[in-house]
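Below is one structure, written out as structure tokens; comments come after it.
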Amino acid sequence: MLKRTKIAKLLQAEAPMDEVLVKGWVKTRRDSKDFSFVEVNDGSCLKNIQVIANNTLNNYNEVKKLSTGSSLAIKGALVESKGGSQKFEIVADEIEIYDIAPDDYPLQKKKHTDEYLRTIAHLRPRTNKYGAAFRVRSELSYAIHKFFHDRGFRYVHTPIITGSDCEGAGEMFRVTTLDMENLPKTKDGKVDYSQDFFGKEAHLTVSGQLNGEMYALALGDIYTFGPTFRAENSNTTRHAAEFWMIEPEMAFADIYDDMDLAEDMVKFCVKHVLENCRDDIELFDKFVEPGLIAKLENIVNNGFARITYAEAIDIMQKSGENFEYKPEFGIDMQTEHERFLAEKHFKRPVIVRDYPKEIKAFYMRLNDDGRTVAAMDVLVPGIGEMIGGSQREERYDVLVQKIHEMGMKEEDYSWYLDSRKYGSVPHAGFGLGFERMMMLVTGIGNIRDVIPFPRTPNSINF
RNA sequence: UCCGGCUUAGCUCAGCGGUAGAGCAAUCGGCUGUUAACCGAUCGGUCGCCUGUUCGAAUCAGGCAGCCGGAGCCA
């Protein structure tokens, strides 16, 4: 029984083969006098295989109806091609047609706009560009696991449903089984969550960090890689309501170890994709972001710039650049500032650290100057903030005071504080938006186009 | 959420006061070891929705909706 060979493997063949079985979808078909050229793609790689269907085939009349999008199986010989553009082609002995796509197949043999393809997100992976994007997405996520695994990091599954509001990192989606048409109320007229599934309010996670810290303080080095949810009404090319985040956490590590890890990880992943998705990346370099490969090679080969927040403010003040928001110590960095630093000033990724404590989260470690925290952001050209991390505050008293200063309830974080109570150690970690790294690696400019079925405000189709 | 832009054939767009166009796709035919082939023909539209201005609206004005871009928030 002849087994199916994937096209990616077939195209790497050294020599012709007498009998192969290929299954896939028709990209396009061209008729010649006594035969038909069928371009077949099976998703295993960007390239198609050209099939010669001679009119001697017993179902040649059916073969001539094979339209773009139709599915089929071809049994035949892999031979050297007489045409110019490909090394091998298949001369079919037998063609089994699974399904003929009707003439209203929405994907034509031409370029479509990303906006149109978003309306057919269920079919867009069949296009060259999206097929490439989602092969890269798979390979990039493998690279992340490989990077951490090779360094002895443990993969931890932090909860998707959470009862705590963590760092207050944005609006959360509520998870409930209460009847929305008939909500149980307490005596003072508020919703009675004690009758809800968990007996209290529950939400989708906005970060696995606090849970991740607990495991780092037990297993040493850990990372999470899973879905994250933000109910922010953000309408930008860089935000989605559901996205994937990578959050490593290292025990016995400081902010400098954290920056090293972030830089090494980005370089490793970019290099992995350059080496393992060459054809796909070349497509992006050609049609999506000219100069992409040079940009990625620059990231792999050159170090990231590293500056403090104070230095960043100083650079911007002296730059002569006309910023809408004037750079001054204490301000939150705006998109224009991030882009200036990464794109104009350094022209490569830049890591900014030691931010004013007022603009950062409660768990970030207070520096000795008393006014900055050991936080770091990795800013990359074209995207802005891709990574946000910090050394965590490991001193119990300082952390408790910070919780109070920020108006948070100490009792909500008692389990978290336990880690500072029992054998606390310096530790550090960061969060990386997976889709943002996808945008960096592919050059694709919209987050909606690097996630299979994007969820954004007012949009949850498919 | 704020600011701007767009919405005309299946897709991409032109037309910007006188009653609907192109390219591609599709369909049919021709030609050819072709490369998103080529040539010819055919099919295809309440010009996003509502209201108004006008003798007359795809075109001007107002409202609504959807989409896109920028900003904010962040990953």
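Keep in mind the model is a prediction, meaning the values are calculated, not measured.
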Which part of the nucleic acid, if any, lies within contact of [X], taking any heavy atom under 4.0 Å across all strands shown: a base, the sugar-phosphate backbone alone, or nothing?
| X | answer |
| --- | --- |
| A/Thr119 | nothing |
| A/Ser234 | base |
| A/Phe37 | base |
| A/Asp34 | nothing |
| A/His112 | sugar-phosphate |
| A/Asp103 | sugar-phosphate |
| A/Thr236 | base |
| A/Arg448 | sugar-phosphate |
| A/Glu336 | nothing |
| A/Asp31 | base |
| A/Lys27 | nothing |
| A/Glu89 | base |
| A/Ile52 | base |
| A/Glu435 | nothing |

Whole-angstrom distance between [N] and [M], as gauged at atom [atom1]:
| N | M | atom1 | value |
| --- | --- | --- | --- |
| B/rG10 | B/rC47 | P | 12 Å |
| B/rG62 | B/rU54 | C1' | 16 Å |
| B/rC67 | B/rG48 | C1' | 11 Å |
| B/rG4 | B/rA14 | C1' | 23 Å |
| B/rU35 | B/rA71 | C1' | 46 Å |
| B/rC50 | B/rG23 | C1' | 33 Å |
| B/rG21 | B/rC16 | P | 14 Å |
| B/rU8 | B/rA22 | C1' | 12 Å |

Worksheet entry | Polar pair under 3.5 Å, donor/acceptor by atom type, side chain A/Gln86, base B/rU34 |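 Looking at the base of B/rU34, it does pair with a donor or acceptor on the side chain of A/Gln86 (distance under 3.5 Å).
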Short side-chain N/O contact from [X] to OP1 or OP2 of [N], under 4.0 Å:
| X | N | value |
| --- | --- | --- |
| A/Gln334 | B/rG72 | yes |
| A/Ser32 | B/rG33 | yes |
| A/Gln108 | B/rU12 | no |

Item to complete: Nearest whole angstrom, please: distance from the C1' of B/rA71 to the NE2 of A/His337.
Response: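 One finds 13 Å between C1' of B/rA71 and NE2 of A/His337, rounded.
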Worksheet item: Do A/Met386 and A/Leu440 have side chains that get closer than 4.5 Å, going by heavy atoms?
Response: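 Answer yes - side chains close enough.
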Worksheet item: For A/Glu39, which of A/Arg30, A/Lys27, A/Lys47, A/Gln86 qualifies under side-chain hydrogen bond (donor to acceptor under 3.5 Å, both in side chains)?
Response: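 It is A/Arg30, the one option of A/Arg30, A/Lys27, A/Lys47, A/Gln86 that forms the side-chain hydrogen bond (donor to acceptor under 3.5 Å, both in side chains) with A/Glu39.
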Discussion item. So is the aromatic ring of A/Phe35 stacked onto the base of B/rG33, judging by whether the centres are under 5.5 Å apart and the planes are under 30° apart?
Written reply: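 No; by the centre-distance and plane-angle rule, A/Phe35 does not count as stacking on B/rG33.
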Discussion item. For a quick check under 3.5 Å, do A/Glu213 and A/His427 share a side-chain donor-acceptor pair by atom type?
Written reply: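 Indeed, the side chains of A/Glu213 and A/His427 share at least one donor-acceptor pair under 3.5 Å.
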Practice prompt. Let me see the working for A/Lys65 and A/Glu62 under salt bridge (Lys or Arg N to Asp or Glu O under 4.0 Å), right down to the final yes or no.
Written response: CA-CA 5 Å; A/Lys65 291 180 193 161; A/Glu62 290 299 306; 3.0 Å; yes
Practice prompt. Give a yes or no on whether the backbone of A/Ile49 and the side-chain of A/Asn41 come within a donor-acceptor separation of less than 3.5 Å.
Written response: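 Flag not set: sc A/Asn41 to bb A/Ile49 has no pair under 3.5 Å.
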Item to complete: Specify the closest pair of heavy atoms between A/Asp93 and A/Leu57, including all atoms of both residues, with the distance to one decimal.
Response: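 Nearest heavy atoms, A/Asp93 then A/Leu57: O-CD2, 3.3 Å.
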